[in-house]
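Report on the following structure.
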Amino acid sequence: MTAAAPEAASRVGFIGLGLMGQPMALNLARAGIPLVVWNRTTGRSDPLRALGARVVSTAFEVLQRARIVILMLADGTAIDEVLGRGTPVLAATVTDRTVVHMGTTSPEYSRDLATDIEAAGGRYVEAPVSGSRVPAETGDLVAMLAGDDDVIQQVCPVLRPMCRETLFCGPVPNALLMKLAVNIFLITTVTGLAESYHFAQQHGLDLRIFRHVIDGGQMASSISRVKTAKLLSHDFTAQAAAADALKNNELVAQAARQAGIASPVLDVCHTLFDETVTLGRGAFDMIAVLAALEARTAAARTDPEQLAVVSAGGSC
């Protein structure tokens with residue numbers, strides 16, 4: 001890719017139109033940013049096509065046709081495949097391109113990816129976001145940025161239609177470390193809310209009053225309001241899937257272990273989300289961690305000795 005396509009200077013590439021990626025890309029298209037997009041499941045591209053985005057048949061074509069390419073992919077394996085990392089193809093895909101990694105991977109992976117892209121003649125910005133599907137739809141995500149300041153300044157105008165705030169965190173991988181730190185609060189908060197709801201439900205309390213107390217008190221937040229509403233309506237449609245919460249939990253736990261940092265509350269949540277996924281709720285919203293709590297209660301009532309084991313954390 002030594003000669004760029006004529007449109008490359010003006011188009012922005014977007015690869016990965018999943019639960020978060022599609023609404024993010026739609027916000028770019030609605031803002032009038034010329035887009036070229038690719039997704040493995042082709043039907044996810046149709047709403048972008050309707051808004052004027054150029055839909056191509058391979059990820060390589062996106063990298064041919066855009067100078068700035070946003071990746072919103074599930075994991076490092078998907079990123080490596082798209083970029084041809086570890087093969088001579090990498091230089092052909094990233095030379096004179098800026099790759100913006102907006103998904104969540106391990107910090108170590110991102111640091112190594114930055115090294116490889118820059119060695120191949122490309123530029124790299126780490127830009128994970130805080131927020132789930134609804135903030136992605138409304139353009140209210142918060143982006144954490146890491147990389148060279150001059151490259152970040154070039155990328156920021158592209159991020160504005162998707163993000164309410166963009167915050168510079170320093171060198172790679174500080175943005176992903178910040179994202180993992182924030183995710184500890186998110187995961188433990190949602191798990192605590194599910195346990196609180198479960199306690200009230202099992203005692204036969206009026207759950208509408210429970211909701212009003214939560215929403216009207218000092219613990220209220222946009223997360224508590226959304227998740228409590230989902231619990232009361234039994235709506236487990238994913239805004240942030242339980243399987244993704246488990247993946248993020250594993251990334252945080254790994255980073256904590258490597259740095260010798262204690263994370264006891266997160267470790268309990270890790271076990272509960274693992275149980276949630278095992279129960280077949282991985283594609284449900286992360287508030288479906290309630291299912292793991294319900295299963296533990298049912299097991300404890302069948303075998304009361306289990307209650308002592310679970311309460312003592314013996315299963316974690």
Could you tell me the separation between the [atom1] atom of [X] and the [atom2] atom of [Y], rounded to the nearest 0.5 Å?
X: Q201; Y: L231; atom1: CD; atom2: CG; value: 8.5 Å
X: I70; Y: L28; atom1: CD1; atom2: CG; value: 5.0 Å
X: L205; Y: F199; atom1: CG; atom2: CZ; value: 7.5 Å
X: I79; Y: Y109; atom1: CD1; atom2: OH; value: 4.0 Å
X: L113; Y: E108; atom1: CG; atom2: CD; value: 13.0 Å
X: L141; Y: M102; atom1: CG; atom2: CE; value: 7.0 Å

Would you say the side chain of [Y] lies within less than 4.5 Å of the side chain of [X], judging by non-hydrogen atoms?
X: V252; Y: S263; answer: no
X: Q239; Y: K230; answer: yes
X: L145; Y: C169; answer: no
X: L63; Y: L83; answer: yes
X: L71; Y: V100; answer: no

Within one Ile-Leu-Val-Met-Phe-Trp-Tyr cluster: [X] and [Y], side-chain cutoff 4.5 Å:
X: L186; Y: F236; answer: yes
X: F168; Y: V158; answer: yes
X: V151; Y: F14; answer: yes
X: L272; Y: I184; answer: yes
X: L176; Y: I152; answer: no

Which atom of [X] lies closest to which atom of [Y], heavy atoms considered:
X: L177; Y: P107; result: CD2-CG, 3.6 Å
X: V172; Y: A114; result: CG1-CB, 4.3 Å
X: V94; Y: A120; result: CG2-CB, 3.6 Å
X: A288; Y: T276; result: O-CG2, 3.4 Å
X: A59; Y: V82; result: CB-CG1, 3.8 Å
X: S130; Y: V182; result: OG-CG1, 3.9 Å

Evaluate the criterion side-chain contact (heavy atoms from CB on, under 4.5 Å) for residue pair R65 and V56; output intermediate values, then yes/no.
-> CA-CA 10 Å; R65 297 179 183 278; V56 295; 4.2 Å; yes
Set of salt bridge (Lys or Arg N to Asp or Glu O under 4.0 Å) partners for R111, sequence neighbours left out |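 Testing R111 for salt bridge (Lys or Arg N to Asp or Glu O under 4.0 Å), a comparison that skips the adjacent residues, returns none.
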Any residue meeting salt bridge (Lys or Arg N to Asp or Glu O under 4.0 Å) with R30, in chain and number order, not counting sequence neighbours =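 So R30 forms no salt bridge (Lys or Arg N to Asp or Glu O under 4.0 Å) with any residue.
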Do you see a donor-acceptor pair shorter than 3.5 Å between the side chains of [X] and [Y]?
X: Q202; Y: R301; value: yes
X: T297; Y: E294; value: no
X: S57; Y: E61; value: yes

Residues R85, D116: salt bridge by 4.0 Å N-O rule |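 Yes, this pair counts.
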Are R296 and E275 close enough for a salt bridge, meaning some N to O gap below 4.0 Å?
->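 Looking at E275 together with R296, the answer is yes, because their closest N to O distance falls below 4.0 Å.
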Under the side-chain contact (heavy atoms from CB on, under 4.5 Å) criterion, do Y197 and L207 qualify, and how do the steps go?
-> CA-CA 8 Å; Y197 174 87; L207 297 175; 3.4 Å; yes
side-chain contact (heavy atoms from CB on, under 4.5 Å) evaluation trace for M286 with R281 | CA-CA 9 Å; M286 64 186 297; R281 308 300 203 278; over 6 Å; no
Listed once per pair and sorted, the salt bridge (charged side-chain N to carboxylate O under 4.0 Å, His left out) pairs that draw on residues 239-266, sequence neighbours left out =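 Listed by first then second residue: R257-D267.
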Give the ring-plane orientation class for H101 versus Y124, where under 30° counts as parallel, over 60° as perpendicular and anything between as tilted.
->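 Rings of H101 and Y124: tilted, as their planes differ by 30° to 60°.
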Using a 3.5 Å distance criterion without hydrogens, assess whether the side chain of [X] forms a donor-acceptor pair with backbone atoms of [Y].
X: R97; Y: Q64; result: yes
X: R54; Y: V37; result: no
X: N27; Y: A136; result: yes
X: S233; Y: A229; result: yes
X: T93; Y: L90; result: yes
X: T95; Y: A92; result: no
X: N39; Y: T42; result: no
X: K179; Y: V129; result: yes
X: E126; Y: A175; result: yes
X: S224; Y: S221; result: yes

Side-chain cluster (under 4.5 Å, hydrophobic types only) that M144 belongs to, other residues |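 The other cluster members (ILVMFWY side chains, heavy atoms under 4.5 Å, direct or chained) are M178.
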What do the steps show when you test D148 against R123 for salt bridge (charged side-chain N to carboxylate O under 4.0 Å, His left out), and what is the final call?
-> CA-CA 9 Å; D148 292 339; R123 297 171 295 276; over 6 Å; no
Could you go through residues 43-51 and list every donor-acceptor pair under 3.5 Å that involves a side-chain atom there, pairing it with any protein atom two or more places apart or in another chain?
unit_1, atom_1, unit_2, atom_2, d
R44, NE, L17, O, 2.7
R44, NH2, L17, O, 3.2
R44, NH2, G18, O, 2.8

When you look at CD of E137, are more than 12 heavy atoms from neighbouring residues, nucleotides or ligands closer to it than 6.0 Å?
->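 Yes.
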Taking only residues two or more places apart in sequence or in another chain, which ones pass side-chain contact (heavy atoms from CB on, under 4.5 Å) with A295?
->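 L279.
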Please assess V99 against V125 for the test side-chain contact (heavy atoms from CB on, under 4.5 Å), listing each intermediate value before the final yes or no.
-> CA-CA 6 Å; V99 177; V125 173; over 6 Å; no
